[in-house]
Amino acid sequence: MEHRYEPSQIEPRWQAVWEAERTWEVSNDAAAGEGETSYVLEMLPYPSGEPHIGHLKVYSVGDAVAHFQRRNGRTVLHPMGYDAFGLPAENHAIRTGVHPRDSTAASIASFQRQFREWGVSIDWSREFGTHEPRYYRWTQWIFLQLYENGLAYRKDAAVNWCPVDATVLANEQVVDGHCERCGSEVELRQLEQWFFKITDYADRLLDDLETIEWPAHVKTMQRNWIGRSQGAQVTFRCEDLDPADPIDYPVFTTRPDTLFGATFFVMAPEHPDVVRLAEGTGNEAAVREYVDRALTGDKEARGDAEREKTGVPLGRTVTNPVNGERIPMYVADYVLMEYGTGAIMAVPGHDERDHAFATAYGLPIRRVVSGPDGETGPLDEEPYVGDGALVNSHADFDGMPNREALDAITAWLDREGKGHASVNYRLRDWLLSRQRYWGCPIPIVHCDACGVVPVPEADLPVVLPDVEDYAPKGRSPLAAAEDWVRTPCPACGADARRETDTMDTFVDSSWYFLRYCDAGNDDAAWDPEVLHRWMPVDQYIGGVEHAILHLMYARFFCKALADLGHLDVQEPFARLFTQGMITKDGAKMSKNKGNVVSPGSIVASHGADTARCYILFIGPPDQDADWSDEGVEGVHRFLGRLWRLSRGAAEGTANERVPANLSDDDLVLMRKAHWAIDKVTADMSGRFAFNTAIAAVMELTNECSRSVNEPGVQVAPGVLRFALSTAASLLFPFAPHVGADAYDLLTGRRVWEEPWPVADPAFLQEDTFELVCQVSGKVRDRVTVPASASEEELLAAARSAPNVVTHLEGKTVVKEIVVPGKLVNIVAR
RNA sequence: GCCCGGAUGGUGGAACGGUAGACACGGCGCCCUCAAAAGGCGCUGUCCCUCGGGACGUGUGGGUUCGAAUCCCACUCCGGGCACCA
């Protein structure tokens, strides 16, 4: 064993081969052929600084899958790109003055270099950054497609405004009332903004979750985010202002069965009628004050369910449509303008919030649903939110189970024209415009005469101009590029102005997986026929932090574009795998904590194979895992051992085939090899059990080592070569350089051109096995028996096992259980 | 509060209802060496032992079963998501 395992000698050599031969490129023509295709995709990186350990993990997982699919005969699309627009690069530019294009280019160069150093099998011919005009030209084209079909629109709206980043944020980017990026408190501003009509797709986004193989928790998160509620819209009429001209206020409720229990009516402070209603009632000043406070107050505090309920009476009443009762109107900040109609009927007997409000303001609490044991007593202490029979309602409904009454009352409302069944969603339309520089320009022109005019397709891309000053000022920095902004109206030719807002970067990443399929197409975003060959993505891999935003948006784009006839799949990602985080000392890695492990330094000290293999060996890839430097050493030792054994066998033994007659020692090693093939294949087929797959290759390698080093053990050269080359072949998806090198040393062939090995069933069967002998469920002995033994023979063997005999002494056998191939359990008393 | 996960040796983790702890780390011992590094071999859940074995052991308490880390019920702790959504 005089040879040392030197990754720095091995890895660049194979990388050079793959680079020179463009090994991982696939043509779209190849995809049109007979064979099966597979689209394996990891979420594209955001190029900021250097790749971190999370990148190493996601691409190690994805590459293992890609290699496994290739060697199982599929034509695999495994591309790479960069999500290059975005705030971090722009904020960096504001601090340093370096143009985002330059800092982004530097970062991309670093990613490119490291991906090659890691030996990731990428089809580089399809690479792009979302900030390149040749890409965002088509992002703009998609925007226009959506605009022309009513799926992109402008609306003056109360929007989330981040004062530090000086831009609006999508609902999804506000976390607990704070900016997802910079953490500052989000304000509400009234601004005209661009939206995508994702709410049109709420039902389909919900229903089609059934058709895809995604982790259950991700589906749940999406369902919660869509937040579909079924109920009824019910009209309450206010005749207080002018009886001749009543105003109808619809409310949404999921509990129309409790309509008879409505004892007051509440409007959101943002409701446009609140102040008008209070005028001339003596409550006007109090209402104004309350509304002002609600609108300027802390948005986060307002959202807290634990907060005490406050509100002010409007001095008006509305009529409950089911019983004609006039109930008082209130304004209260626990009612939200964004959800439903901005007004609610309050049923304090059967709703927690209404109960709290009624208690605080001394409003009547009426029971209209009986309790589980038929209770009909008062509900002064707490509301009853469960099911039961209706009471105190109306002769037509009293006694009816509330679920039935819900439908009956809804039907009655419908007949009377006072309401109808209705569905509400928590999901809001996607606010996509940003008052920032480093993003995709929105291809729209504003003309005084013609209004909003889309840029003609032939004029795309609208290229992002250079500016000097990126600092946010509450309007897009693009507004300063006056030569760029001033443009003739595409419709009438008059002087007009370009839209200066840019798109949310999530727009860029909502369709990149489509562009990979036909990345070189200069005539269209893609050829639908080519897309058909690859889509949907068979296996998508990424972090769970994208469970809602990116994955919801991409699904929406896919459905919208499919509706417009541009592609023929409804779901972009057939299977999703979310990988866990790598922590250090139990904490998330961060520069502040100083616990960052950089992939670059591990690759430099131990090689890419060690880094990749370790990160897969550390534990199940969907779980979080803690980085350990000692663990890295262990994996490095294992790779070194396999490589040295291979080198030793290649140089020290003749290149022979596996002989026809096998000695006992040969048989042991052959069985181990086939066992490993079977194990690794199973671990990679059904699930992503890379940790146990690597452990199996370790076992095989240890067996090879024993057969070489253990005195008295003799294996035929052909058998040793077979076992070692099998180990190299199985290891290749995780550690491609060592795998390729060892396989080449032993066989002279290229492992990536070899089909995935198949286990020979003949070697998976043993002649004998160790029978576990239990007495009353406890293991008392083990005996070696022939695999062919009958149940009677197994029982006899167990009964005569020495330690079983001891434990059966003086006892009566009650029952005997035989599990063939495993154990015998003799129950005795 | 609601909805998901999870809890196994000193550590990371293995275990179709059938031998708990694969594989690896760490530790201990030995071989090789003038020595070290590298490498190789062995032992390593806890306790008891007459060295044959025995008892205990998968967060806690129950249950189902010949047999439970695994299934069921209740609970504790940890992680994640949602949370005034009518």
Side-chain angles (χ1 to χ4, degrees), chain A residues 1-2 4-5 176 215-221 223-225 227-229 231 251-255 258 266 268 302-307 309 332-336 338-347 350-354 356-357 424-428 544-545 547-548 580 614 617-620 622-635 637-638 640-641 644 679 689 691-699 701-702 705-706 708-711 770-782 802-803 806-807 814-819 821-828:
Chain A
M1 287 302 148
E2 66 274 34
R4 240 183 115 94
Y5 169 53
D176 289 335
H217 67 280
V218 176
K219 288 190 184 184
T220 304
M221 283 163 78
R223 278 191 202 103
N224 290 343
W225 193 262
R228 183 188 148 105
S229 295
V251 300
F252 174 73
T253 177
T254 52
R255 296 292 304 275
T258 64
V266 191
R302 179 176 165 189
D304 185 359
E306 300 306 308
R307 189 168 170 235
K309 300 278 173 291
D333 66 4
Y334 78 93
V335 175
L336 310 174
E338 313 93 80
Y339 188 77
T341 61
I344 62 154
M345 66 173 202
V347 183
H350 304 283
D351 180 276
E352 303 270 359
R353 297 148 299 171
D354 299 343
F357 191 85
N424 246 281
Y425 302 92
R426 216 190 76 115
L427 184 72
R428 302 290 136 75
V544 75
E545 64 273 18
I548 297 172
Y614 170 66
F617 180 66
I618 192 169
D622 54 335
Q623 283 174 29
D624 291 351
D626 204 60
W627 183 272
S628 136
D629 291 333
E630 293 79 17
V632 175
E633 294 296 337
V635 169
R637 277 200 287 272
F638 153 64
R641 172 190 269 216
R644 278 193 312 277
K679 172 79 176 149
N691 54 333
T692 50
I694 292 168
V697 183
M698 286 176 172
E699 285 195 51
T701 305
N702 290 345
S705 174
R706 227 164 287 143
V708 170
N709 293 312
E710 200 161 295
E770 195 174 65
L771 179 71
V772 171
C773 308
Q774 296 183 335
V775 177
S776 299
K778 286 191 189 299
V779 179
R780 293 303 180 189
D781 215 331
R782 285 149 221 232
N803 204 36
T806 315
H807 282 270
V814 180
K815 195 171 182 180
E816 289 166 321
I817 287 136
V818 181
V819 182
K822 288 259 182 195
L823 59 75
V824 168
N825 186 11
I826 300 169
V827 185

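All values below come from the heavy atoms of this structure, side chains included, with hydrogens, waters and symmetry mates left out. Numbered from 1 within each chain, the chains take letters A, B, ... in sequence-line order.
- Note: CG (A/Asn224) to P (B/C2) measures 15 Å, nearest angstrom.
- Of the candidate nucleotides B/C23, B/C82, B/C85, B/C23 has the atom nearest to the side chain of A/Phe617.
- Between B/C28 and B/A37, the two P atoms lie 13 Å apart (nearest whole Å).
- Base contact: A/Val335 has a heavy atom under 4.0 Å from a base atom.
- Residue-level contact check: A/Arg223 touches neither bases nor backbone, having no heavy atom under 4.0 Å from any strand.
- Taking atom C1' on both B/C77 and B/U65, the two are 29 Å apart, rounded to the nearest angstrom.
- When distances are taken from the side chain of A/Lys778 to each of B/C3, B/C84, B/C56, the shortest belongs to B/C56.
- The listed nucleotides are B/C23, B/G54, B/C84; the one nearest the side chain of A/Asp333 is B/C84.
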| request: Could you summarise the pairing of RNA chain B as dot-bracket text, marking Watson-Crick and G-U pairs under 3.5 Å with ( ) or [ ] inside the strand and | across strands? | output: (((((((..(((.....[....)))((((((.......))))))((((....))))..(((((..]....))))))))))))....

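- Among the heavy atoms of the strands, none lies under 4.0 Å from A/Ser628.
- Proximity of A/Lys822 to the phosphate of B/G18: no side-chain N or O atom is located under 4.0 Å from OP1 or OP2.
- Among the heavy atoms of the strands lying under 4.0 Å from A/Asn825 is at least one base atom, whether or not backbone atoms are also near.
- At the phosphate of B/G53, neither OP1 nor OP2 sits under 4.0 Å from any side-chain N or O atom of A/Thr806.
- Across all strands shown, A/Val819 has heavy atoms under 4.0 Å from base atoms, whether or not it also approaches the sugar-phosphate.
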Are any protein N/O atoms closer than 3.5 Å to N/O atoms in nucleotides 40-47 of chain B? If there are, list each pair with its distance.
{"unit_1": "B/G40", "atom_1": "OP1", "unit_2": "A/Arg641", "atom_2": "NE", "d": "2.9"}
{"unit_1": "B/G40", "atom_1": "OP1", "unit_2": "A/Arg641", "atom_2": "NH2", "d": "3.2"}
{"unit_1": "B/C41", "atom_1": "OP1", "unit_2": "A/Ser705", "atom_2": "OG", "d": "3.4"}
{"unit_1": "B/C41", "atom_1": "OP2", "unit_2": "A/Arg641", "atom_2": "NH2", "d": "3.2"}

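- Looking at heavy-atom distances under 4.0 Å, A/Ile618 makes contact with sugar-phosphate atoms alone, never a base.
- Taking the C1' atom of each, B/G26 and B/G13 are spaced 14 Å apart, rounded to whole Å.
- Checked against A/Val827 for a side-chain contact (heavy atoms from CB on, under 4.5 Å), the options A/Glu816, A/Gln774, A/Lys815 give a single hit: A/Lys815.
- Comparing A/Pro620 and A/Phe638 against RNA chain B, the residue whose closest nucleotide sits nearer the 5' end is A/Pro620.
- Remark on RNA chain B: of its neighbouring residues A/Gly634 and A/Gln623, the 5'-side contact belongs to A/Gln623, judged by nearest-heavy-atom nucleotide.
- The residue A/Gln774 sits close to a base: some heavy atom pair falls under 4.0 Å.
- When each of B/C23, B/G53, B/U19 is scored by its nearest atom to the side-chain atoms of A/Arg782, the top-ranked nucleotide is B/U19.
- No engagement by A/Gly340 is indicated, since no non-hydrogen atom pair under 4.0 Å with the nucleic acid exists.
- If you check B/G13, B/A86, B/G18 against the side chain of A/Tyr339, the one that comes closest is B/A86.
- Considering only side-chain N and O atoms, A/His807 lies under 4.0 angstrom from the phosphate OP1 or OP2 of B/G54.
- The gap from the P atom of B/C51 to that of B/A14 amounts to 40 Å, rounded to the nearest Å.
- Below 30°, between 30° and 60°, or above 60°: for A/Phe252 and A/Tyr339 the angle between ring planes is above 60°, a perpendicular geometry.
- No contact: A/Asn424 has no heavy atom under 4.0 Å from any strand.
- B/G52 shows a glycosidic angle within 90° of 0 and is accordingly assigned syn.
- Here the side chain of A/Lys815 is nearest to one of B/U19, B/C85, B/C66, namely B/C66.
- Residue A/Asp626 holds its CG atom at 7.0 Å from CD1 of A/Ile618, rounded to the nearest 0.5 Å.
- Checking the phosphate oxygens (OP1, OP2) of B/G54, a side-chain nitrogen or oxygen of A/Asn803 falls inside 4.0 Å.
- Of the N and O atoms on the side chains of A/Asn224 and A/Arg426, not one donor lies less than 3.5 Å from an acceptor on the other residue.
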